[in-house]
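Positions are given from 1 along the sequence. Just so you know, these numbers come straight off a predicted model, no measurement behind them.
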Amino acid sequence: MAQLTCADSGATGSTMVHVPKNSSPRYDRLLKPGRWVRDFVDDLAVASPARLAIGSFVAVVAAFAILLMLPASMRDPGSVDQATHIANSVFVAVSAVCVTGLTPVVTEQYWSDFGISVITAGIQVGGLGILTLASVLGMAVSRRLGVRQRLIAQQATSALNLGQVGSLLKTVVITIFTAESILAVLLFPRFLIRGESLGDSIWYSVFYSISAFNNAGFTIHEGGAAYFASDPWILSLLMAGVFVGSLGFPVVLMVAMFWNRPSRWDLHTKLTLTTTTTILAIGLLLLALFESANPATLGDKNAGHTFVEVLFMAVMPRSGGFATMEIADMSQASHLLMDLMMFIGGGSSSTAGGIKVTTVAVLVLAAYAEARGLQDVHVFGRRLTSSTIKLSISILLTGAMIVFLGTLTMLQISAEPIDRVLFEVISAFGTVGLSSGVSATSPNTGLYVLSVIMLIGRLGTITLAAALSMQDSVRLYRYPEERPVVG
């Protein structure tokens, strides 16, 4: 057998090490500590990217939860018992990494500066996505993406094909940090004008730019976003950050490439922008109708202020989580409308949650085609495949089942009425962060249940289903066709 001789010269002499040229993988791993970890991750990425996604998110959530459990993360370590603090830490860690924004405590009162910094880091990591961040780091080291890394990134970004992953990953990082930087620069002078110190203005600008673009909805001012209710400049910037962040990176990539040639946009981009605009317009009109006469929200405010605030509240159910109004003070009609908007969520491969706007668009188009007796579903000169329609139906039913079971469980745990519980569960599933107050009053068990719902909502119903499936089932035969009576 051929031998490879290595010499290691030192001050006391020379040591000869004989290594077999064709060494076994086990021997290679002993020579390179940590290589087995990389091999394990690579193998898992190829075998089941979905399981890798779930495992990575759970691991990161656990890490941030441990940091929040430290006494240094609390403003008053002796104010709550240990069991409650653990539940609060786990809940907030999940909410931060899943970029939700729900919290059982008042952020600026409960958490210390270190704790708030941990939450901010969790939001940023969650926004980038654990798998996306890992792929980007791998690309920076190797200067290129291999097939396995592309598989990991494709799962994280939902790229249409492996060839798009490299460009999409660059867009993810460039878009996030560019958008956050722009938001921070535009927010900074406004905080100075409001009388904040230089250091506080810098910190507030950075925090709210991260929280807005990642659709997290965390605030560190008394009263939350209502603290800025009379400041249209800050509200507009928060809205812009949430809106762009919820479109999805594939859409941002396509618009950035062909911003002056909409005719070259792909079907996903056109569907996302069209459906998003339609839902936003409907939400704006109906919220204005429902709340304009409500003295607890908009009844006593002028038309200009009302428009800005209603527009702000119409954007937030997409997954933003900021609120200038007390949710409990809003009408029941507004609650139901926001339930629907939160359940729909934002764009695919975005920081938003929900079943996604393209899912709703496909279902509406399929229903319209069926009502007109059309054999195919057409939109923007393209025909939708039957697998896309079936997948959309699966996502809708899975999401509805998760919300139903979550609401049923929370009703047994919490003493709150069904409308408030349903609102909180949908907000957790859609990773929105708007709260009816249930999180703040829930026992520890309820916080853990909502944490699981947030994780499921962030990872996505398809990812969860893929992780639970050992392998695809292929049937080599077909049964005779027969149509039952439906409707």
Once you round to the nearest 0.5 Å, how far does CD1 of Ile389 lie from CG of Leu384?
6.0 Å
Does Phe380 have more than 12 heavy atoms from other residues, nucleotides or ligands lying within 6.0 Å of its CZ?
yes
Under 3.5 Å donor-acceptor, Asp339 side chain and Ile426 backbone:
no
Provide the closest heavy-atom pair for Thr219 versus Gly224 in the form atom of the first, atom of the second, distance.
OG1-CA, 3.2 Å
Working to the nearest 0.5 Å, report the span between CZ of Phe188 and CH2 of Trp203.
15.0 Å
Just how far is it from atom OG of Ser319 to atom CG of Leu434, taken to the nearest 0.5 Å?
9.0 Å
Is the shortest heavy-atom distance from the side chain of Glu424 to the side chain of Leu102 under 4.5 Å?
yes
pair Val452-Ile456: side-chain heavy atoms closer than 4.5 Å:
yes
What's the separation between atom CD1 in Ile395 and atom NZ in Lys356, rounded to the nearest 0.5 Å?
8.5 Å
Quick one: does Arg190's side chain get under 4.5 Å of Leu186's, heavy atoms only?
no
Heavy-atom side-chain contact between Leu247 and Leu273 under 4.5 Å
yes
Atom of Ser89, atom of Ala65 and distance for their closest heavy-atom approach
CB-O, 3.9 Å
Steps toward ring pair (Phe, Tyr, Trp, His ring centres under 6.0 Å) verdict (Tyr208, Phe228):
CA-CA 12 Å; Tyr208 282 107; Phe228 309 113; 5.5 Å; yes
Is the ring pair Phe322/Phe312 parallel, tilted or perpendicular, if the boundaries are 30 and 60 degrees?
tilted
Does any part of the side chain of Leu363, heavy atoms only, come nearer than 4.5 Å to the side chain of Thr359, both counted from C-beta?
yes
For the side chain of Ser442 and the backbone of Val438, is there at least one donor-acceptor N/O pair under 3.5 Å apart?
yes
Closest approach of Ala229 to Glu309 (non-hydrogen atoms, all atoms of both residues)
CB-OE2, 4.4 Å
Take Val94 and Thr100 through the side-chain contact (heavy atoms from CB on, under 4.5 Å) test and state the conclusion after the steps.
CA-CA 8 Å; Val94 173; Thr100 303; over 6 Å; no
Tell me if a side-chain donor or acceptor on Ser414 pairs with a main-chain N or O of Leu411 at a distance below 3.5 Å.
no
Measure the shortest side-chain to side-chain distance between Pro443 and Ile413 over non-hydrogen atoms and say whether it is less than 4.5 angstrom.
yes
Does Thr278 use its side chain to pair, donor to acceptor, with the backbone of Thr274 at less than 3.5 Å?
yes
Please confirm whether the backbone N or O of Phe258 pairs with a side-chain atom of Trp265, one donor and one acceptor, at under 3.5 Å?
yes
Test side-chain contact (heavy atoms from CB on, under 4.5 Å) on Leu68 and Ile119 and set out the steps.
CA-CA 8 Å; Leu68 290 177; Ile119 293 172; 4.1 Å; yes
Between Arg264 and Thr269, does the side-chain contact (heavy atoms from CB on, under 4.5 Å) criterion hold? Intermediate values first, please.
CA-CA 10 Å; Arg264 298 196 61 180; Thr269 300; over 6 Å; no
Roughly how far, to the nearest 0.5 Å, is OG1 of Thr358 from NZ of Lys270?
15.5 Å
Minimum heavy-atom distance Ser350-Gly347, with the two atoms named
OG-O, 2.5 Å
Does the side chain of Glu180 pick up a donor-acceptor pair with the side chain of Ser209 at under 3.5 Å?
no
Do Leu298 and Met330 have side chains that get closer than 4.5 Å, going by heavy atoms?
no
Can a donor-acceptor pair be found, under 3.5 Å and without considering hydrogens, that links the side chain of Ser95 to the backbone of Phe91?
no
Enter the distance from Ile355:CD1 to Ile402:CD1 here, rounded to the nearest 0.5 Å.
11.0 Å
Take atom CD of Glu326 as the centre, draw a 6.0 Å sphere, and report whether it contains more than 12 heavy atoms from other residues, nucleotides or ligands.
no
Tyr368 side chain reached by Val377 side chain, heavy atoms, under 4.5 Å
no
What pair of heavy atoms forms the shortest contact from Thr276 to Thr272, and how long is it?
OG1-O, 2.7 Å
Heavy atoms of other groups near Leu408 CG, more than 12 under 6.0 Å:
yes
Exceeds 12 heavy-atom contacts within 6.0 angstrom, atom CZ of Arg261:
yes
Return yes if some donor-acceptor pair links the side-chain N/O of Glu222 with the main-chain N/O of Tyr227 below 3.5 Å, else return no.
no
Tell me the closest heavy-atom pair linking Cys98 and Met454, and the distance in Å.
SG-O, 3.8 Å
Hey, what's the ring geometry for His85 with Tyr110, parallel, tilted or perpendicular (30° and 60° as the breaks)?
tilted
Side-chain (His335) to main-chain (Ile327) donor-acceptor, under 3.5 angstrom:
yes
Backbone of Arg458 reached by a side-chain donor or acceptor of Thr431 within 3.5 Å:
no
More than 12 non-hydrogen atoms from neighbouring residues, nucleotides or ligands closer than 6.0 Å to CZ on Phe404, yes or no?
no
Quick one, Phe64 with Ile123, criterion side-chain contact (heavy atoms from CB on, under 4.5 Å). Give me CA distance, side-chain angles, the key distance, then yes/no.
CA-CA 10 Å; Phe64 280 101; Ile123 295 171; over 6 Å; no
